[in-house]
Amino acid sequence: MTADTATTLFEEHRPVLMGVAYRMLGRAADAEDVVQDAWLRWSGADRTEVRDPRGFLVRITTRLAVDRLRQIKARGETYVGPWLPEPYVTGFGDTVTDSAERAVLADSVSLAVLVVMETLSPLERAVFVLREAFGYPYADIAAMLDRGEAAVRQLGARARRHVDERRPRYDVDPARRRDLTERFLDAAAGGDLAGLMELLAPDVRLVGDSGGKARAPLRVLDGADHVARFFAGVAAKGVPDVSVRRVELNGGPAVLVLSGGKPDTVVQIDVDGDRIRTVYVIRNPDKLTTLTALP
């Protein structure tokens, strides 16, 4: 295998490797570092015996991500306020034509699921990602993690049970979610308190992530009245030199608010039927840097 061929193969599989690393870490910058480390391992490896480049690269990436996640957890850093994953541009577009596969990929990268996955152990998370998002057989996952298949099955069952018990279960119609996102944006931008109350479920939750580096609620806001009044207050204060973009992040429609042309806030909603159940607001500037490169 020539160096050019090795580079071509790696770039061909880069989206999958980023998908694995991001789902493992919930942090785009860390995922990019892991994929870069995987490239260094790949470029320096003896590739003459590699029969399955994709499997080889996924194994390297998964092991590096497990190590990185262990390091993050070992540091035991205290986060100011609620934590949300770093927004991740998905935009599956024509790359995923099967609607069922698209739904699985979108769900496995959603903010709600990634928040739950943050409570899994590194190995549980690795098994969950490889099995649930990418459909790898347990035997292959066992080989990637250098574990017995029976142990990997147990890890997978425990992770699946943990996620199912804690994740919100909403019926999500993509078209309905886009429509509610647009209506929510219009009502929030206009400070329309009545319009917001009409869209929000009575038990809606607002989860804001600022990391203590921007203005956002430092606790989860519960209830339609609290959430509606929060957005009405934001509209009254205004954002300097504001512009808005519709983007696909974490498998669903989202709103990117820019101030002076720079990313300021990401807003995304989870819906159940005709009502908004959760509003996610990400304002930590460290988590918005990757969005500056959006075309």
Side-chain angles (χ1 to χ4, degrees), residues 15-16 18-28 31 82-118 128-129 132-134 163-164 166-189 196 199-201 204-209 216 220 227 231 244-258 263-284 287-288 290-291 293-295:
V16 172
M18 270 298 297
V20 170
Y22 175 76
R23 286 169 174 82
M24 281 290 299
L25 298 164
R27 302 158 177 85
W83 178 92
L84 289 172
E86 189 174 338
Y88 183 59
V89 180
T90 43
F92 296 124
D94 297 330
T95 61
V96 183
T97 56
D98 183 86
S99 58
E101 182 183 0
R102 178 189 290 266
V104 169
L105 286 171
D107 182 65
S108 69
V109 80
S110 69
L111 295 179
V113 169
L114 287 173
V115 167
V116 176
M117 285 169 59
E118 192 71 8
F128 183 86
V129 168
E132 301 296 332
F134 295 95
V163 172
D164 283 345
R166 290 162 176 79
R167 64 182 297 183
R169 283 291 183 181
Y170 304 142
D171 295 325
V172 181
D173 178 346
R176 187 62 180 149
R177 189 179 180 190
R178 285 192 296 271
D179 175 63
L180 283 171
T181 298
E182 289 295 327
R183 292 172 59 192
F184 174 79
L185 174 61
D186 290 341
L196 287 167
L199 296 171
L200 300 173
V204 65
R205 302 171 74 243
L206 184 152
V207 184
D209 179 336
V220 175
V227 174
F231 281 104
V244 174
R245 291 190 58 186
R246 281 77 167 168
V247 291
E248 183 184 295
L249 299 174
N250 296 83
V255 176
L256 172 61
V257 180
L258 301 103
D264 178 87
T265 306
V266 163
V267 180
Q268 191 171 60
I269 63 172
D270 275 344
V271 305
D272 183 12
D274 293 331
R275 293 294 184 97
I276 297 170
R277 290 288 182 175
T278 311
V279 183
Y280 301 102
V281 177
I282 302 175
R283 299 210 65 220
N284 185 339
K287 295 186 176 183
L288 304 178
T290 57
L291 302 182
L294 282 173

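Treat the numbers as computed from the prediction; the structure is a model and nothing was measured.
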> Quick one: are Met117 and Val129 in side-chain contact, heavy atoms under 4.5 Å?
Replying inline: yes
>> Going by ring-ring contact (aromatic ring centres under 6.0 Å, His included), name the residues that satisfy it together with Tyr22, two or more places apart in sequence or in a different chain.
In response: Tyr88
>> A side-chain contact here means heavy atoms from C-beta on lying under 4.5 Å apart; do Val255 and Gln268 qualify?
In response: no
>> Applying side chain to side chain contact (heavy atoms under 4.5 Å, CB included) to Phe128 and Arg23, what does each step give before you reach the verdict?
In response: CA-CA 10 Å; Phe128 183 86; Arg23 286 169 174 82; over 6 Å; no
>> To the nearest 0.5 Å, what is the distance between CG on Leu199 and CD1 on Ile276?
In response: 5.0 Å
>> Testing the basics here: between Ala28 and Thr290, what is the closest heavy-atom pair and its distance to 0.1 Å?
In response: CB-CG2, 4.2 Å
> Can you name the nearest heavy-atom pair linking Thr265 to Leu288, along with the distance?
Replying inline: N-CD1, 3.9 Å
> Which pair of heavy atoms, one from Lys287 and one from Pro87, lies closest together, and at what distance?
Replying inline: O-CD, 3.3 Å
> Quick one: CG on Leu180 to CZ on Arg277, what's the gap to the nearest 0.5 Å?
Replying inline: 12.0 Å
> Which distance, rounded to the nearest 0.5 Å, do you find between the CG of Leu249 and the OG of Ser110?
Replying inline: 12.5 Å
>> Measuring from atom CD1 of Ile282 to atom CG of Asp264, what distance do you get when rounded to the nearest 0.5 angstrom?
In response: 12.5 Å
> Would Val227 and Leu196 satisfy side chain to side chain contact (heavy atoms under 4.5 Å, CB included), going step by step from the backbone distance to the final call?
Replying inline: CA-CA 9 Å; Val227 174; Leu196 287 167; over 6 Å; no
> Would you call Val281 and Val207 a side-chain contact if the rule is heavy atoms closer than 4.5 Å?
Replying inline: no
> If every non-hydrogen atom of Gly252 is compared with every non-hydrogen atom of Arg177, which pair is closest and at what distance?
Replying inline: CA-NH1, 3.6 Å
> Which heavy atom of Arg176 sits nearest a heavy atom of Gly273, and at what distance?
Replying inline: CG-O, 3.5 Å
>> For Ser108 versus Val113, what's the shortest heavy-atom pair and its separation?
In response: O-CG1, 4.3 Å
> For Gly251, does its backbone N or O pair with a side-chain atom of Thr90 as donor and acceptor, under 3.5 Å?
Replying inline: yes
>> To the closest 0.5 Å, what do you measure between CG (Leu114) and CG (Asn250)?
In response: 6.0 Å
> Does the Arg205 side chain pair with the main chain of Val220, one donor and one acceptor, at a distance under 3.5 Å?
Replying inline: no
> Any luck finding a side-chain donor-acceptor pair between Asp270 and Tyr280 under 3.5 Å?
Replying inline: yes
>> Contact between Arg246 and Glu182 at the side-chain level, heavy atoms closer than 4.5 Å - yes or no?
In response: yes
> Which value, rounded to the nearest 0.5 Å, describes the distance between Glu118 atom CD and Leu84 atom CG?
Replying inline: 10.5 Å
> Can you list the residues that meet the side-chain hydrogen bond (donor to acceptor under 3.5 Å, both in side chains) rule with Arg167, with sequence neighbours excluded?
Replying inline: Asp107
>> So Phe184 and Val279, do their side chains get closer than 4.5 Å, heavy atoms only?
In response: yes
> Do you know which of Asp186, Asp179, Thr181 makes side chain to side chain contact (heavy atoms under 4.5 Å, CB included) with Arg183?
Replying inline: Asp179
> Is a side-chain donor or acceptor of Glu248 paired with a backbone partner of Val89 at a separation under 3.5 angstrom?
Replying inline: no
> Should we count CZ of Arg27 as having more than 12 external heavy atoms under 6.0 Å?
Replying inline: yes
